[in-house]
Amino acid sequence: MKNLMGCKSIPTVTVFTQEYQSALKHLQLALVDNSPCTFDKNAIKFHVGHVFELQGKIKIAKERYEVLLKDKGIANNLRADIYRQLGWLYHCSDVLGEKNSRISIAIQCLQQAIQADPFSGQTLYLLGRCYASIGKVHDAFISYRNSVEKSEGNADTWCSIG
């Protein structure tokens, strides 16, 4: 499997078909392959974490995301993606603790994602969902409104606004 981005679509396809072990195998091969490719090593590691998340291995995914965030040289767009994914993971995953503390951490992560990428309508939408889940409707509305300003076409945001 040389140059996995000639083959890097293989992990993506295997994820969509829920062949997670195959996706992990190809992503692990991509990590040790030194051929030029589209994704850098940190992006591949992010996708490995995401595969664990899709498998329901929430704690492993969380650990993978947190390890990546410790890398000071990580690109801002990837940092934003990781914080967004980690924030939503905290929002949705009961195995990560009690709801109020999880939502607090989720909000912090999503705010970090916005700092790294202030133009992400998706992150602002997810932040609004977190605020709404704890009854902070005004904060939720502001996040939704900001999300619309960044990405008008997001139907989820429009539905959340009502």
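One-based numbering along the sequence shown.
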Linking Ile, Leu, Val, Met, Phe, Trp and Tyr through side-chain heavy atoms less than 4.5 Å apart, which residues share a cluster with V137? none
Rounded to the nearest 0.5 Å, the CZ atom of R129 sits from the OH atom of Y125 at a distance of 4.0 Å
So how far is it from S22 OG to L27 CG, rounded to the nearest 0.5 Å? 9.5 Å
Nearest heavy-atom pair of G121 and S147: which atoms, and what distance? O-OG, 2.8 Å
Looking at every heavy atom in both K41 and D33, which two are closest together, and how far apart are they? NZ-O, 2.7 Å
Does D94 have any side-chain contact (heavy atoms from CB on, under 4.5 Å) partners at least two apart in sequence or in another chain, and if so, which? R102
CD on Q85 to OG1 on T123, rounded to 0.5 Å: 9.5 Å
E63: side chain to side chain donor-acceptor pair (under 3.5 Å) partners, not counting sequence neighbours: none
Side chain to side chain contact (heavy atoms under 4.5 Å, CB included) for I114 and L124? Distances and angles first, verdict last. CA-CA 7 Å; I114 292 166; L124 288 160; 3.4 Å; yes
Less than 4.5 Å apart, side chain to side chain, heavy atoms only: is that true for Q55 and Q21? yes
Hey, quick one: are I142 and V148 part of the same hydrophobic cluster, counting side-chain heavy atoms closer than 4.5 Å, chains of contacts allowed? no
Rounded distance (nearest 0.5 Å) linking atom CG of D81 with atom CG of N76: 10.5 Å
What pairs with H91 under side-chain contact (heavy atoms from CB on, under 4.5 Å), at least two apart in sequence or on another chain? W88, I103, A106, C130, S133
What residues join I74 in its hydrophobic cluster, counting side-chain heavy atom gaps under 4.5 Å, either direct or through other members? F46, I58, Y65, L68, L69, L78, I82, Y83, L86, L89, Y90, V95, L96, I105
Grab the two heavy atoms, one from A113 and one from A80, that are nearest each other, plus how far apart they are. CB-O, 3.4 Å
Whether the side chain of R79 engages the backbone of D117 through a donor-acceptor N/O pair (distance < 3.5 Å, no angle test) should be reported. no
Rounded distance (nearest 0.5 Å) linking atom NE2 of H47 with atom CZ of R64: 14.0 Å
Closest heavy-atom pair, A140 versus A132, reported as atoms and distance to 0.1 Å, is CB-N, 3.7 Å
Non-neighbouring partners of Q115 that pass side chain to side chain donor-acceptor pair (under 3.5 Å), sequence neighbours left out: none
What distance do H138 atom NE2 and Y131 atom OH have between them, rounded to the nearest 0.5 Å? 10.5 Å
